Amino acid sequence: MSRRINSILVAALLVACSCAYGQDPKAEIQRKLNATIVLTKPTADNTDIVKAGSVLDLNKEGLIMYAIDNKVAPTFTYKDGKLSMGFGALMSVDMQLGAGQSGINHVNVPQRRFVAGEKCWAIQSRVQDDGVILELYSDPFDNVRYFSQVKFPFAKKSVPSVDEVMKTIAEVVTPEPMEQDAAPAQAPAQVAPPDPAPAPLAPIAPPPPPADTPPPAPKTVSLGQTKDQVIAILGQPSKVATLGPKEIDYYADMKVIYTKGKVTDVQ
């Protein structure tokens with residue numbers, strides 16, 4: 001009996017010493033969790049985001065979230081590489097849903113199934129005696145946000161190391177680097193001062209006005225010229241009229257009259 005009492009005292013002393021030196025394993029897990037996944041702060045009614053935290057990439061299939069309006073989040077357990085809800089968890093969530101609204105259960109509650117590759121946020125994280133719980137929160141889909149809890153259970157009577165816990169969580173959700181985690185921007189390159197402005201040029205005298213172009217010589221037609229000669233001078237007539245042996249070619253400002261192919265009059 002005395003040996004058993006001594007063992008209990010030694011175990012209690014070890015726990016007390018570890019806590020005294022800041023080595024409480026649950027506290028260490030919580031600190032690491034807070035440093036790795038920055039929580040998102042929602043509004044009081046959980047319908048919108050006040051301050052965004054880490055964006056989480058979902059790495060596993062099978063996660064179902066309920067509409068935030070129901071105030072009840074399903075709790076999935078991650079074990080052996082899978083997300084699932086046991087019979088007890090389903091009964092518990094059905095009781096909570098039914099208490100809020102008669103006839104509502106895990107089958108007909110507004111919900112959405114998320115697939116690997118989608119993104120979400122974490123609005124709460126806590127380390128309990130039996131495991132870590134993350135409360136996940138979605139972007140709006142058709143103006144509806146969804147939420148769910150994922151539990152990462154500990155083995156009985158054993159708290160795993162911080163690295164083991166974080167590795168297990170990373171199998172389900174992975175935080176994307178936040179802006180402050182990005183590499184600092186490089187300093188801008190030195191810009192050489194601009195060259196001095198060139199001295200103004202002397203004004204250039206305008207060119208002399210062009211000499212008056214003499215008007216073209218008037219086009220004249222002489223009696224006795226053939227039609228081909230007239231066309232070479234005046235061009236094609238705009239209209240041609242034939243009156244017996246006479247032909248009258250009309251131009252813009254004159255008429256040329258031919259008799260037997262020769263100019264006999266100009267009007």
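What you see is a predicted model; the values in this text were computed from it and never measured. Residue numbers start at 1 and run along the sequence shown.
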(message) Pair D69, R145 - check salt bridge (Lys or Arg N to Asp or Glu O under 4.0 Å), show working.
(response) CA-CA 8 Å; D69 292 342; R145 290 185 184 269; over 6 Å; no

(message) Could you tell me if the side chain of V132 sits less than 4.5 Å from the side chain of K151, heavy atoms only?
(response) no

(request) Kindly indicate, with the supporting measurements, whether the criterion side chain to side chain contact (heavy atoms under 4.5 Å, CB included) is fulfilled by F147 and L136. (result) CA-CA 5 Å; F147 73 146; L136 304 179; over 6 Å; no

(message) Between Q111 and R113, is there a side-chain donor-acceptor contact under 3.5 Å, judged purely by atom types and distance?
(response) no

(request) Start with the C-alpha distance between S161 and E164, add both sets of side-chain angles, then the distance that settles side chain to side chain donor-acceptor pair (under 3.5 Å), and finish with yes or no. (result) CA-CA 5 Å; S161 68; E164 288 176 314; 3.3 Å; yes

(message) Looking at every heavy atom in both V93 and A73, which two are closest together, and how far apart are they?
(response) CG2-O, 4.3 Å

(message) If hydrophobic clusters are built from ILVMFWY residues whose side chains come within less than 4.5 Å, do W121 and V173 share one?
(response) no

(request) Go through the steps to decide whether I49 and Y137 satisfy the test side chain to side chain contact (heavy atoms under 4.5 Å, CB included), and finish with yes or no. (result) CA-CA 10 Å; I49 290 176; Y137 179 82; 3.7 Å; yes

(message) Using modelled atom types and a 3.5 Å cut-off, is there a donor and acceptor pairing between side-chain atoms of D139 and backbone atoms of C120?
(response) no

(message) Pair K26, D129 - check salt bridge (Lys or Arg N to Asp or Glu O under 4.0 Å), show working.
(response) CA-CA 8 Å; K26 290 188 295 181; D129 291 337; 2.2 Å; yes

(request) Answer yes when D249 and K227 have at least one side-chain N-carboxylate O distance shorter than 4.0 Å, and no when they do not. (result) yes

(request) Please name the pair of heavy atoms, one in N108 and one in G103, separated by the smallest distance, quoted to 0.1 Å. (result) ND2-O, 3.0 Å

(message) Between L234 and V221, does the side chain to side chain contact (heavy atoms under 4.5 Å, CB included) criterion hold? Intermediate values first, please.
(response) CA-CA 8 Å; L234 301 180; V221 176; 3.6 Å; yes

(message) Suppose we screen for side chain to side chain contact (heavy atoms under 4.5 Å, CB included). Which residues come up paired with S92, at least two apart in sequence or across chains?
(response) Q96

(message) Are V127 and V165 packed together at the side-chain level, in the sense that at least one heavy-atom pair is separated by less than 4.5 angstrom?
(response) no

(request) Find out whether K51 and P42 are in side-chain contact, i.e. whether some heavy atom of one side chain is under 4.5 Å from a heavy atom of the other. (result) no

(request) To the nearest 0.5 Å, tell me how far K255 NZ sits from Y250 OH. (result) 5.0 Å

(message) Can you tell whether the side chains of D163 and K32 come within less than 4.0 Å, N to carboxylate O?
(response) no

(message) Distance check, rounded to the nearest 0.5 Å: Y146 atom OH versus F141 atom CZ?
(response) 8.0 Å

(message) Do L134 and V72 land in one hydrophobic cluster if side-chain heavy atoms of ILVMFWY residues count as linked below 4.5 Å?
(response) yes

(message) Taking side chain to side chain contact (heavy atoms under 4.5 Å, CB included) as the criterion, tell me which of P110, S148, P74 meets it with M65.
(response) S148

(message) Could you check whether E61 pairs with K82 (Lys NZ or Arg NE/NH1/NH2 to Asp/Glu carboxylate O, under 4.0 Å)?
(response) no

(request) Tell me yes or no: between the side chains of T43 and D45, is some donor less than 3.5 Å from an acceptor? (result) yes

(request) Check whether any side-chain heavy atom of P160 sits under 4.5 Å from a side-chain heavy atom of F154, and report yes or no. (result) yes

(request) Would you give the length of the straight line joining atom OH of Y78 to atom CG of D80, rounded to the nearest 0.5 angstrom? (result) 9.0 Å

(message) Using a 6.0 Å cut-off, check whether atom CE of M95 has over 12 heavy atoms from anything other than its own residue.
(response) no

(request) Validate the cation-pi geometry between R112 and F114: distance from NZ or CZ to the six-membered ring centre under 6.0 Å, angle to the ring axis within 45°. (result) yes

(request) Could you tell me whether the side chain of L97 reaches within less than 4.5 Å of the side chain of N70, counting heavy atoms only? (result) yes

